[in-house]
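Okay, so here's the structure we're looking at.
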Amino acid sequence: MKNLLLFFILIPLSSFSQGYLHSNGQKIEDGNGINIVLRGLGLGGWMVQEGYMLKTGSFAGPQYVIKQKIIDVLGAEKTEKFYDAYKQNGITKRDIDSLAAWGFNSVRLPMHYNLYTLPIEKEVFSGQNTWLEEGFKRTDDLLNWCADNKIYLILDLHATPGGQGNDANISDYDTTKPSLWQSVANQDKMVALWQKLALRYKDNPWIGGYDIINEPNWNFTGSNQNGCDEMSNSPLRDLEIRTTKAIREVDKNHLIIIEGNCWGNNYNGIFPLWDTNMALSFHKYWNHNDTASIQKMLDFRTQYNVPIWLGESGENSNVWFQEAISLVESNNIGWAFWPMKKIDNLAGITSVSITPEYKKLLEYWEKGGVKPSADYANKALMQIAENYKIENLNIKHDVIDAMFRQVHTTETKAYKKHVLPAKIFATEYDLGQNGYAYSDKDVINYDGTKFTQWNKGGSMRNDGVDIESCKDKITNGFNVCFIEDNEWLQYTFELNEAKNFDVDIRFSSDKAGGKLYLENESGKISKTLTIPASGGKNKWQTLTLKNVNLKKGINKVRIHFEKGNFNFNYFEFKTAK
């Protein structure tokens, strides 16, 4: 009897010792009672396409509209082959290996229900749930890759049966069909799906939690169509309680994460909480990174003794990323940024390359005209699917540096190693915070209603520095542009001995009057160079600063733009004659 009693006492303890994330008061802990700060990334666009990620947002936002556009040019059979390739390449083990290597300890998977079960209108019998292998298989694979890297996988139902919000792009909501909130059958299917997932993964400690409804945005009784003025939110609360109950019937181990209305942030009427192992998610975009911006969630954490988690954020500058992550981590709040992959992406850790053929397809979809042949469209789309492979992505190391290293230090580091004498492209300035690696006047977007463009050229790096495509005969593809008075860029070099250099400055300018000089921590190390008119922004010329001395060891050289209004391609250090 004593041994039997000991067995039952150990059951809950053994589940935690395996590493299940769980709530403990206001903290998220692992099975050993260690506080866990989740540092994650959302795999947006993989299972649920959103138009803005594919450059179709202005004419095709929800996935079902995007898919219809593709069917129009490819036909149904080739469209399915495209989607097979797109999903196969979209997330692989190599992607997850990379995330772990970069510092992420968690992944948020935005799921589309239609990869796991049929829509209600396609079920042969009302109330039936036909389970589809694809979604479960892809989730199994992803979970195995996460487990191999010892990072947590958080399941996020991003597109519920019927769709959970009037912002249709997010949830693939088809307004011609009943939404999640207008159909009991859709709600039944959602609950059944969560129970199926919980039964499948109940014993796996690398599942970090169940984020049961992403960004509900629906007006139940209020006037705001996205639910931002709702005071009770009773349909949302009822469905979250019902879903929790279904999960707990099969899974006592895993953290349940809930979101409020109004894209996750309106918790009016949601309390009191109904489970002892829960966390509250909130989403944060385009606002200031001060305590006031998260105060309501901090109050909820204290009042209801529950952990909070920044379940989605991003789409801003590196300066904003560093500020936001510093803010939440200093308050013991984990985060998941958004998204991993997007076509021609500036504000993300990777960018999928756009092609001229795909641009032509976008133009046809938006403006009409001569329809591309099926063969042309197929090659264009299959190349885009190929570009989603991680080996074909442009990895944005400046963004990764801002999210991890810059959160903890103002120290700068070289963007790449340069051995002088050498040609240094302007866009290869140091990695680091504004005011330390560079100085620019427009560096962040704080306002969700009036967009502030931090990189006015929209290319290469996600800092405040303005960068555009370069058409000079010698180029790395980009140049610094929209230079304003007293902005500067810093570059780090290491020399084995002190040397004098002549420094060529490659510039273009519509008009005369720009001025620049080189400096280090002690002050100016060159004369001031006055920039003449070169004949236009694509007319490049070279001027030289003579006898610039660099010391032995580490040199942090700043090119200071005393007067702006010119473009800067590169500077070349040559041994002084």
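All values below come from the heavy atoms of this structure, side chains included, with hydrogens, waters and symmetry mates left out.
A cation-pi contact, defined as under 6.0 Å to the ring centre and within 45° of the axis, is absent between K341 and Y388.
Between D95 and K389 there is no salt bridge, since none of the side-chain N atoms of the basic residue sits less than 4.0 Å from a carboxylate O of the acidic one. The pair R461-D463 counts as a salt bridge, with a side-chain nitrogen and a carboxylate oxygen less than 4.0 angstrom apart. For the pair K87 and E80, the salt-bridge criterion is not met [side-chain N within less than 4.0 Å of a carboxylate O]. Ion pair D238/R242 not flagged as a salt bridge, since none of the NZ, NE, NH1 or NH2 atoms sits closer than 4.0 Å to an Asp/Glu carboxylate oxygen.
Counting heavy atoms from C-beta outward, Y201 and L155 have side chains that approach closer than 4.5 Å. For the pair Y52 and S58, the minimum side-chain heavy-atom distance is 4.5 Å or more. The shortest side-chain heavy-atom distance between I395 and I400 falls under the 4.5 Å cut-off. D156 places none of its side-chain heavy atoms less than 4.5 Å from the side chain of I212. Residues L41 and M340 form a side-chain contact, since some pair of their non-hydrogen atoms from C-beta on lies under 4.5 Å apart. You'll find the side chain of I213 reaches within 4.5 Å of the side chain of M190, heavy atoms only. A 4.5 Å side-chain heavy-atom check between D211 and I258 finds every atom pair outside the cut-off. By the 4.5 Å heavy-atom criterion applied to side chains, V399 and D401 are not counted as neighbours.
By the disulfide (SG to SG under 2.5 Å) test, C146 is found to be paired with no residue, residues two or more places apart in sequence or in another chain being considered. When the salt bridge (Lys or Arg N to Asp or Glu O under 4.0 Å) test is applied to K81, the partners found at least two apart in sequence or on another chain are E77. In this structure, the ring pair (Phe, Tyr, Trp, His ring centres under 6.0 Å) partners of Y304, at least two apart in sequence or on a different chain, are F271. Shown here are the side chain to side chain contact (heavy atoms under 4.5 Å, CB included) partners of T410, two or more places apart in sequence or in another chain: Q433, Y436. Under the rule for a side chain to side chain donor-acceptor pair (under 3.5 Å), the partners of W454 that lie at least two apart in sequence or sit in another chain are N462. Applying the salt bridge (Lys or Arg N to Asp or Glu O under 4.0 Å) rule to D275 yields the partners R248; only residues at least two apart in sequence or on another chain are considered. By the side chain to side chain donor-acceptor pair (under 3.5 Å) test, Y267 is found to be paired with no residue, residues two or more places apart in sequence or in another chain being considered. For the salt bridge (Lys or Arg N to Asp or Glu O under 4.0 Å) test, no residue two or more places apart in sequence or in another chain qualifies with K202. For D148, the salt bridge (Lys or Arg N to Asp or Glu O under 4.0 Å) test picks out no residue, with sequence neighbours left out. Partners of D84 according to the side chain to side chain contact (heavy atoms under 4.5 Å, CB included) rule, which considers only residues two or more places apart in sequence or in another chain, do not exist here.
Within the 3.5 Å criterion, the main-chain N or O of A385 finds a donor-acceptor partner in the side chain of N89. In this structure, Q164 contributes its side chain and T160 its backbone to a donor-acceptor pair below 3.5 Å. The backbone N or O of G227 sits less than 3.5 Å from a side-chain atom of N266, completing a donor-acceptor pair. One N or O on the side chain of D30 and one on the backbone of I34 form a donor-acceptor pair closer than 3.5 Å. With hydrogens and angles disregarded, no donor-acceptor distance shorter than 3.5 Å links the side chain of S106 to the backbone of I151. Between the N166 side chain and the W218 main chain, no donor and acceptor come within less than 3.5 Å of each other. Remark: side-chain polar atoms of H112 are paired, donor with acceptor, to backbone N or O of N114 under 3.5 angstrom.
Of the inter-residue distances, the one linking S171 atom OG with L157 atom CG reads 10.0 Å to the nearest 0.5 angstrom. If you take NZ on K396 and OG on S351, they are separated by 5.5 Å, rounding to the nearest 0.5 Å. Note that CD1 of I154 and NE2 of H254 are 11.0 Å apart. Values are rounded to the nearest 0.5 Å. A distance of 5.5 Å separates CG of N455 from CG of L346, quoted to the nearest 0.5 Å.
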_Residues E133, R138; criterion salt bridge (Lys or Arg N to Asp or Glu O under 4.0 Å); working and verdict_ = CA-CA 9 Å; E133 182 61 22; R138 291 194 186 281; over 6 Å; no
Self-check item: Step-by-step ring-ring contact (aromatic ring centres under 6.0 Å, His included) determination, W181 to F220
Solution: CA-CA 9 Å; W181 310 112; F220 302 115; 5.1 Å; yes
**Request:** Let me see the working for K284 and S293 under side chain to side chain contact (heavy atoms under 4.5 Å, CB included), right down to the final yes or no.
**Result:** CA-CA 9 Å; K284 178 175 168 59; S293 71; 3.0 Å; yes
Starting from the C-alpha separation in whole Å, work towards a yes-or-no answer on side-chain hydrogen bond (donor to acceptor under 3.5 Å, both in side chains) for N392 and S353. CA-CA 8 Å; N392 297 328; S353 297; over 6 Å; no
One pair to check against side chain to side chain contact (heavy atoms under 4.5 Å, CB included): I294 and L327. What are the steps and the verdict?
CA-CA 9 Å; I294 61 170; L327 171 69; 4.0 Å; yes
Practice task
Take W194 and Y210 through the ring-ring contact (aromatic ring centres under 6.0 Å, His included) test and state the conclusion after the steps.
Solution key: CA-CA 8 Å; W194 269 119; Y210 302 136; 5.5 Å; yes
Evaluation steps, side-chain hydrogen bond (donor to acceptor under 3.5 Å, both in side chains), between E240 and T244: CA-CA 6 Å; E240 288 177 331; T244 302; over 6 Å; no
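Closest approach of I444 to S317, counting heavy atoms only: CA-OG, 3.6 Å.
In this structure, the ring of Y446 has its center no less than 6.0 angstrom from the ring center of W286. The ring of F337 has its center closer than 6.0 angstrom to the ring center of W335. H158 has its ring centre less than 6.0 Å from the ring centre of W338.
Inspection of the R108 and N214 side chains reveals an N or O donor paired with an N or O acceptor under 3.5 Å. A side-chain donor from one of T221 and E230 sits under 3.5 Å from a side-chain acceptor of the other. Residues E259 and H283 bring a donor and an acceptor atom of their side chains to less than 3.5 Å of each other.
In this structure, F125 places its CZ atom where only 12 or fewer heavy-atom neighbours from other residues, nucleotides or ligands lie under 6.0 Å away. The number of heavy-atom neighbours closer than 6.0 Å to CD of E411, taken from other residues, nucleotides and ligands shown, is 12 or below. Summarising the local packing, CD of Q88 is surrounded by 12 or fewer heavy atoms from other residues, nucleotides or ligands at distances under 6.0 Å.
Aromatic ring orientation, Y152 versus W206: tilted (interplanar angle from 30° to 60°).
Each salt bridge (charged side-chain N to carboxylate O under 4.0 Å, His left out) pair with one or both residues in residues 260-269, not counting sequence neighbours, would appear here, but there are none. Listed by first and then second residue, the salt bridge (charged side-chain N to carboxylate O under 4.0 Å, His left out) pairs that reach into residues 37-48 are R39-E329, sequence neighbours excluded.
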